[in-house]
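Working notes for the structure below.
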Amino acid sequence: KADDQDDHAVIDEIKARLDMVAYALKAFPGTPREENKGEIRIMGNGGLFINPEKFMWHHFNNGQGGDPIDFVGYIMYNTNWNRTDKKMFKEALKEAARETGIELPIKQRSKPAKRTHKNTNQFGEQPFKPDVAYAANTFADKYRDTISYDESSDTWRRWTGSYWKTEKADSPELIEAAVMALRTETMKINAFSTAKDLLKYARYPLMRDFKTCLELINFKNGTLDTVSNRLHDHDRTDGLTYVLPFDYSPGDYPTIVTTLSEIIPDPVGIAAFMSHIGLALLGDLKFHKSIVLYGPKRTGKSTLLDLALLATGAETSNYADKWLFSGDTDGMWARMKWRDKRLVGLDELPQDTFKGEGEDTFKRMAAHGGVSMRYMRQEQTTDNRWAPKIIMTTNDAPRYSDRSGAVTERLIIIRAPNVRTDSQQDRDRADKLKAEIPQFAAACIAFAKITQQRGIYPESATMRRLRDEIEQQGDSVKLWLYENCIFDPTATTPISTLYGQPDSRFPITSYLEWCHENGQSAMSKPKLSQALTDRYPNLRPTQCRKPSTNIPGETGSKNTRCIEGLRLRTDSDPENS
């Protein structure tokens with residue numbers, strides 16, 4: 001601290017003249033920066049902000065901050081900086097004075113000055129002494145082609161010869177390389193933290209962009225360019241962060257063909273299944289669809305789920321759980337765990353998964369939109385777009401309200417109806433399927449490219465009918481309408497009749513009565529009117545003075561809210577009309 005008024009004046013002058021931005025860039029060579037409203041952020045340092053006009057700085061992550069002298073101290077001592085420590089403050093002040101070219105007042109000493117260190121030169125200067133930042137540059141120069149830092153995911157990556165493998169900052173390979181760089185500069189390694197500090201400095205010169213290239217698929221025997229349909233050698237400049245554990249090898253896959261036809265009788269359903277896997281391999285984000293394999297137990301649905309996982313490089317039975325679509329903390333952790341996969345499988349999907357908040361979460365995930373994700377005890381990630389394709393199996397038809405129709409639009413439902421007995425079970429089927437995965441994956445990619453050209457998933461009339469039936473079962477309005485109403489362009493029916501007021505000409509099939517008998521929650525009368533006209537464009541809300549039905553208490557002179565194009569079913573209507 002300053003001892004008198006003259007000292008205060010010198011310190012104030014140092015604060016005014018010290019260029020904190022230049023000093024930061026000198027301390028972190030090669031670091032990018034950005035400016036916003038007069039405040040300059042030193043990129044990649046976890047939130048280091050400088051305001052030159054106010055002569056202040058602050059660090060977003062650890063709450064450190066202060067004036068220019070504090071800034072020099074923080075750079076010198078990092079989080080150990082303490083301005084109340086006289087020795088630390090004195091050293092920081094000396095460094096700041098040297099940076100600004102200001103001489104500090106010389107205090108009279110009671111003892112004679114110590115002799116100049118024997119290692120100083122004729123000018124009294126000590127020889128250059130490498131520090132951690134200098135060693136970090138040596139590290140970067142040596143490992144530039146084999147080690148990189150991915151800023152988008154805040155991870156290190158190491159080139160394996162076929163792809164950039166994710167490495168933790170404390171992995172043995174990285175720490176050993178850092179230690180060797182420190183020893184090269186003849187620096188003493190006082191603690192494990194010294195090597196970790198070197199890696200922090202080395203992030204910036206080793207930063208590399210790992211944007212996903214959708215035209216490339218990385219196989220064990222090379223990288224497939226899906227545009228030219230040619231295989232080339234693995235290349236680090238492609239920036240691929242995965243490799244599939246099998247070769248690219250187009251050909252026949254007879255065991256898989258037999259398995260698919262036994263489980264899925266509909267050939268169009270097989271085409272949809274294979275297209276979905278191929279689109280997952282291509283990293284497609286344009287098609288907003290998810291596959292549901294629907295059927296009773298022991299029909300082979302899980303076998304197909306394992307087949308899809310194997311074809312996208314995952315292990316069998318490596319399924320996500322029901323929390324994937326949850327809006328709470330468990331859901332955020334689950335999505336973070338599976339976000340880097342090409343395809344995610346859910347086995348035995350609970351019937352009510354798409355009810356409540358699960359419906360909205362699923363819609364955004366199927367559409368490759370943003371969903372909340374975070375690791376345990378960490379901030380929510382900002383890069384929250386969901387990329388993997390989803391395949392689910394279920395024994396029971398899923399139930400959901402889906403008032404907008406968005407869930408139904410995102411589902412491709414494939415029936416697996418054939419139950420297999422014990423004698424029909426093939427215990428070696430998994431190994432036989434695995435042997436044909438290279439050929440099957442190549443075929444899935446071909447199916448996916450056809451789907452991309454057509455702009456629509458394969459879907460048969462049987463599949464569409466099954467999807468509509470499931471949709472109606474999960475929606476009280478649609479199911480009531482399907483069972484109790486007739487679309488009639490000549491009819492005009494009051495909402496009160498449709499909703500709940502009895503009419504002598506019709507059986508008791510109003511919406512309110514139907515919900516009561518079937519244990520469904522009924523919406524209000526205005527919402528029913530809105531739901532009908534929103535979901536069925538051929539229905540039109542109107543008002544009529546002379547209703548076409550006999551409603552007690554209403555006269556022809558009174559306006560009545562009606563729906564054109566719909567009426568209640570009567571005994572004379574055929575059952576299937």
Side-chain angles (χ1 to χ4, degrees), residues 288 354-355 359-360 363 397-411 413 456 459 461 463-577:
H288 301 167
F354 299 145
K355 281 196 170 183
E359 177 179 330
D360 183 59
K363 287 188 291 189
R399 293 184 301 197
Y400 52 91
S401 58
D402 190 27
R403 296 178 180 176
S404 66
V407 171
T408 303
E409 289 178 1
R410 287 162 170 75
L411 291 178
I413 302 178
I456 187 171
E459 190 174 18
M463 293 166 62
R464 287 191 292 270
R465 187 161 51 250
L466 174 61
R467 184 189 60 188
D468 292 340
E469 290 175 2
I470 291 175
E471 177 190 28
Q472 291 166 357
Q473 291 174 12
D475 189 322
S476 62
V477 174
K478 293 180 180 178
L479 189 55
W480 164 75
L481 194 88
Y482 178 77
E483 294 179 356
N484 301 293
C485 295
I486 297 292
F487 289 102
D488 183 350
T490 64
T492 301
T493 307
I495 285 295
S496 56
T497 299
L498 296 172
Y499 186 75
Q501 289 190 10
D503 190 313
S504 59
R505 296 180 303 164
F506 299 101
I508 303 176
T509 53
S510 66
Y511 171 73
L512 200 61
E513 190 69 26
W514 183 90
C515 288
H516 177 73
E517 291 180 354
N518 290 274
Q520 299 279 349
S521 298
M523 61 179 66
S524 65
K525 189 188 300 183
K527 287 186 177 180
L528 175 64
S529 176
Q530 185 70 40
L532 290 172
T533 54
D534 284 347
R535 298 177 202 187
Y536 302 98
N538 58 319
L539 302 182
R540 192 171 71 87
T542 186
Q543 290 190 352
C544 54
R545 289 184 175 275
K546 294 181 179 180
S548 60
T549 59
N550 182 24
I551 302 172
E554 292 196 6
T555 64
S557 60
K558 182 179 179 181
N559 286 338
T560 302
R561 293 182 179 179
C562 300
I563 294 290
E564 286 186 359
L566 187 70
R567 63 175 174 83
L568 288 172
R569 186 185 297 275
T570 66
D571 293 334
S572 60
D573 290 313
E575 288 189 8
N576 296 325
S577 61

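All of these numbers come straight from a predicted model, not from anything done at the bench.
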For residues [X] and [Y], determine if any side-chain heavy atom of one lies less than 4.5 Å from a side-chain heavy atom of the other.
X: L566; Y: Y536; value: no
X: Q530; Y: M523; value: no
X: L411; Y: T408; value: no
X: E513; Y: N484; value: no

Can you see which heavy atom on [X] is nearest to which on [Y], and at what distance?
X: R467; Y: I413; result: CA-CD1, 3.9 Å
X: P494; Y: C562; result: CA-SG, 3.7 Å
X: L539; Y: L532; result: CD1-O, 3.9 Å
X: L568; Y: C485; result: CD2-SG, 4.0 Å
X: Q543; Y: R561; result: NE2-CG, 4.2 Å
X: S510; Y: T497; result: CB-O, 3.8 Å

(message) Exactly one of T490, D488, T492 should register a side-chain contact (heavy atoms from CB on, under 4.5 Å) with E564. Which one does?
(response)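 The residue from T490, D488, T492 that satisfies side-chain contact (heavy atoms from CB on, under 4.5 Å) with E564 turns out to be T492.
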
(message) H516: which residues meet the side-chain contact (heavy atoms from CB on, under 4.5 Å) condition with it, sequence neighbours left out?
(response)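 With sequence neighbours excluded, H516 shows a side-chain contact (heavy atoms from CB on, under 4.5 Å) to no residue whatsoever.
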
(message) Is it the case that the side chain of R540 and the backbone of G565 share a donor-acceptor pair, with hydrogens and angles ignored and the cut-off at 3.5 Å?
(response)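 No.
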
(message) Check whether S529 reaches the backbone of K525 with its side chain - one donor and one acceptor, N or O, closer than 3.5 Å.
(response)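 Side chain of S529 to backbone of K525, a donor-acceptor pair under 3.5 Å: no, none is there.
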
(message) Can you tell me how far apart CZ (R567) and CD1 (I486) are? Round to the nearest 0.5 Å.
(response)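 Answer for the CZ-CD1 pair, R567 versus I486, is 5.5 Å.
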
(request) Please round to the nearest 0.5 Å and tell me the distance separating atom NE2 of H288 and atom NZ of K363. (result)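 With rounding to 0.5 Å, NE2 (H288) is 14.0 Å from NZ (K363).
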
(message) Which residues pass the side chain to side chain donor-acceptor pair (under 3.5 Å) test with D360, not counting sequence neighbours?
(response)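 Listed in chain order: R364.
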
(message) Classify the ring geometry of Y511 against W480: parallel below 30°, tilted from 30° to 60°, perpendicular beyond 60°.
(response)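 Taking W480 first and then Y511, their aromatic rings stand perpendicular (interplane angle over 60°).
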
